Amino acid sequence: MILALALAELTGRAQEQNFCLVCHSEIKVDYLESIHAAFNVTCVACHGGDPTTLDSRAAHALEAFFRGTPQRAEIPELCASCHSDPMRMKPYGLRTDQYAEYQTSRHGKLLAQGDTRVAVCTDCHTAHRILPAWEPRSTVHFENIPSTCARCHAQRDQGVHSAALAKGNTKAPTCATCHGAHGAAPPGVENVSKVCGMCHLAERTHFESSPHKKSMDAQNIGECASCHGSHTIEPTDRKLFDTVCTNCHGADSRAHLVGQKIKTLLLAADESLREATHLLEQAQQRAVDVSAYRSRLIEARSYFLQALPVQHSLDIPHIEELTRRAKSIADDVRGGLHGFQGVMAIRLLGLTLVWVFLLLLMIVIYLALRERRGEHL
Amino acid sequence: MSAFARVRELLSAELRQIAPPSVGFWQILGGLTLFLLFLEITTGILLMVYYRPSADEAYESVFYIINDVQLGWLIHGMHRWGAQLFILLVLVHLIRVYFAEAYRERELNWVIGVVLLLVVGAFAFTGTLLVWDQRAFWGTDAVRRVLAEIPIVGRAILYFLWGGTELDANALLRFYVFHVGLLPWIAIGLVMVHLYLVSRQGIFHKAEAQEQQSAQTYGDIVLRGLIFVVLSFGIVLTLAVIFPVELSGRADPLTYQSVKPPWYFLPAYGLLKLVPKAAGVALASLGVLGLFAAPWLGRNSWVAWGLGMLGIATVALLAAYGWRW
């Protein structure tokens, strides 16, 4: 008998007895694709009723605890009845704190106040086609999160992060990375650098040591977002020093001059690095030995990359030191690589010498040929 | 008499033999291709010292050869340019033999020569992929797509040559095995038979030329050939120095790059652009069969000349079409 029951389970007899799908065929495909169907969590778990009968009245009878479509306000609690139960979730390795997080979220708080327009579980996960987050078709798969959130929120990210996500960069942040998933809430002004700093750790460290940190917090200015924006973050560009500094500082103020000084230092190092990289690529294409320059250029680039987060500290001597190192090494490399024309000259000289030897060889062979023919003639 | 002295005597006796008076520059072409084959094998062996035939390391090893190995760029350049000159000379040699009607009574050697031409083409094709850069990858993949469309035998050919239906590490390894482990032996064997038949049947010359008094020996011809050997070595060296090989970035199967084939495959490329792929392959195969059958098709001199000119014009037009599009 145990064997028969196990076989029934394995062959999906439980689904065969889920007669709800006979009448509610419009959701059959969605439901059968879902993770719930895969683990035999049938309609009755959420809607109640008797799934074993084809008699509509008996199936929807109150005696069979038929609940119908749950009210929006009830949905989080209903889902939590299973998903907050560690005993039930343990076999699937799922966490059980989503409901607790939801209650602390903006969505959860507004729902508690009776606002049923906020997102509940089914808005993000769908009601019947619930797929695990790793499944690319899932509405909560990292690539689909921006479009899922955008169903309600118009502030869709259109900056570097969404561009990286569109290119398939799995490390790129989605809405949930900054705002949280079940505990979704806008970060407070004083917490912006902490949220951004989850990924941009070095930038955050240097920003927090800068004079900006204290004054921005005091004036309730949104740290990173005040210069870089929040949902339309442009690729970092030295032009920012010309456009955003003047939002707070006067064009002839000392603070603006500091910004311009940082910009000049970074630009000079960047240009020198670009030129050196270009020359290195050119030399490589012409098969010049550039191995020594390649490692020097990596060193220069690493100093420059160190300088980029340090700029957030506004620590001019530190930035100056790093950019000076990057620039001086890049300039050395440029100087050396400019000399690769010298390498070409040496090669041509070598070629000329080889040709002289080859011509002499041809003359010797020709003379030998004439001598031989002279013998015969 | 020692074996060495015996060989020397045989060789000098051979070189002292009177050669037909009509043997001149054009007859040296065949010998020059032999030198270029030797050059390719030598530079190829040197490249094998550093080359690694795996998808992970192939491009990096070629990059290393070009940029870090002492004179690696020169050896690689000479291998590439030597191959170009080799193919050019093989084609010119074939055309010369055809229009001189030197295949008459030497049909077997003609057939061996055509097989050698195909082997040279196979060398060029398999060698191109080994660099594993973008141009090599997408150029070879274009051929894979053509072969995949051949009904019945297409997949079988792909499994034999590519080791599957996709261009991947299997294909690279197979191409390497063909390029360095199989084709050189086939080429050396065929060249030996080709040369043996030349020595057995003699260099072709017109009957009237035989009447004339010849003033040259085979030794003279070898010496004259040596001048051209030195010259062609200089040309390959110059090309390798002035136009060193450029790589087009590591092969990336996710980033498509449109690639034009090298000049010697342009006629086939033009044909495939002009007609459906399966039909193009059938027509190209027919052309190769025609080349094999040339001695029998061109029994009459005028017919042979006409067919030859028609063939050259067709190939040139197809190459021009392939180059343009």
Side-chain angles (χ1 to χ4, degrees), chain A residues 166-170 276-298 333 336-337 339-377, chain B residues 12 15-19 21 28 59-60 62-81 133 213-249 254-255:
Chain A
K167 280 185 188 168
N169 184 346
T170 54
T277 309
H278 175 67
L279 282 173
L280 186 95
E281 282 166 2
Q282 264 192 342
Q284 270 178 344
Q285 281 179 351
R286 308 211 70 172
V288 174
D289 179 12
V290 291
S291 47
Y293 297 119
R294 211 182 300 142
S295 50
R296 295 277 290 151
L297 204 54
I298 290 170
V333 171
L337 286 171
F340 86 80
Q341 276 99 355
V343 175
M344 285 307 291
I346 290 169
R347 284 183 184 179
L348 288 175
L349 181 68
L351 183 68
T352 312
L353 289 175
V354 171
W355 264 112
V356 169
F357 172 74
L358 293 179
L359 284 172
L360 281 174
L361 193 61
M362 282 191 276
I363 291 167
V364 168
I365 297 169
Y366 178 70
L367 290 175
L369 180 67
R370 279 193 63 167
E371 200 181 317
R372 272 181 68 93
R373 296 192 70 172
E375 279 174 15
H376 291 295
L377 290 168
Chain B
S12 66
L15 292 176
R16 272 199 299 271
Q17 273 194 19
I18 300 294
I28 288 169
Y59 177 78
E60 279 71 19
V62 175
F63 191 90
Y64 181 72
I65 288 169
I66 291 175
N67 288 295
D68 297 317
V69 175
Q70 196 72 23
L71 291 181
W73 61 274
L74 187 64
I75 301 296
H76 189 244
M78 286 182 75
H79 193 71
R80 275 262 186 112
W81 281 110
D133 66 353
Q213 181 66 39
S214 179
Q216 61 179 349
T217 63
Y218 281 101
D220 298 338
I221 295 169
V222 168
L223 273 180
R224 202 187 303 148
L226 267 180
I227 294 177
F228 287 100
V229 162
V230 174
L231 189 68
S232 54
F233 177 79
I235 290 171
V236 171
L237 193 75
T238 308
L239 288 169
V241 171
I242 296 180
F243 305 106
V245 175
E246 289 182 16
L247 300 176
S248 57
L254 299 177
T255 313

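Worth saying up front: this structure is predicted, and the values here are computed from it rather than measured.
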Selection from Leu237(B), Leu223(B), Val222(B), Val69(B) maximising heavy-atom pairs under 4.5 Å formed with chain A: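 Result: the option with the highest number of such pairs is Leu223(B).
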Interface residue of largest heavy-atom contact number with chain A, from Val229(B), Leu231(B), Val230(B), under 4.5 Å: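 Option with the top pair count is Val230(B).
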Portion of Leu74(B) that has a non-hydrogen atom of chain A nearer than 4.5 angstrom: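 Neither; nothing under 4.5 Å.
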Interchain contact, Phe63(B) with chain A, by part (heavy-atom threshold 4.5 Å):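 Contact with chain A is through the side chain of Phe63(B) alone.
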Closest heavy-atom pair and its distance - Ile235(B), Trp355(A):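 Answer, listing the atom of Ile235(B) first, then Trp355(A): N-CZ2, 3.8 Å.
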Minimum-distance pair of heavy atoms, taken over all atoms of Leu369(A) and Asp220(B):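 Shortest heavy-atom contact: CD1-O, 3.2 Å.
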For Arg296(A), all residues meeting salt bridge (Lys or Arg N to Asp or Glu O under 4.0 Å), sequence neighbours excluded: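 Salt bridge (Lys or Arg N to Asp or Glu O under 4.0 Å) list for Arg296(A), sorted by chain: Glu299(A), Asp332(A).
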Single hit among Ile363(A), Leu361(A), Ile365(A) for side-chain contact (heavy atoms from CB on, under 4.5 Å) with Ile227(B):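 Exactly one candidate clears the test, Ile365(A).
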With Arg80(B) via side-chain hydrogen bond (donor to acceptor under 3.5 Å, both in side chains) - residues at least two apart: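 Expected list: none.
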Contacting moiety of Leu351(A), where chain B heavy atoms sit under 4.5 Å: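 Only the side chain of Leu351(A) comes within 4.5 Å of chain B.
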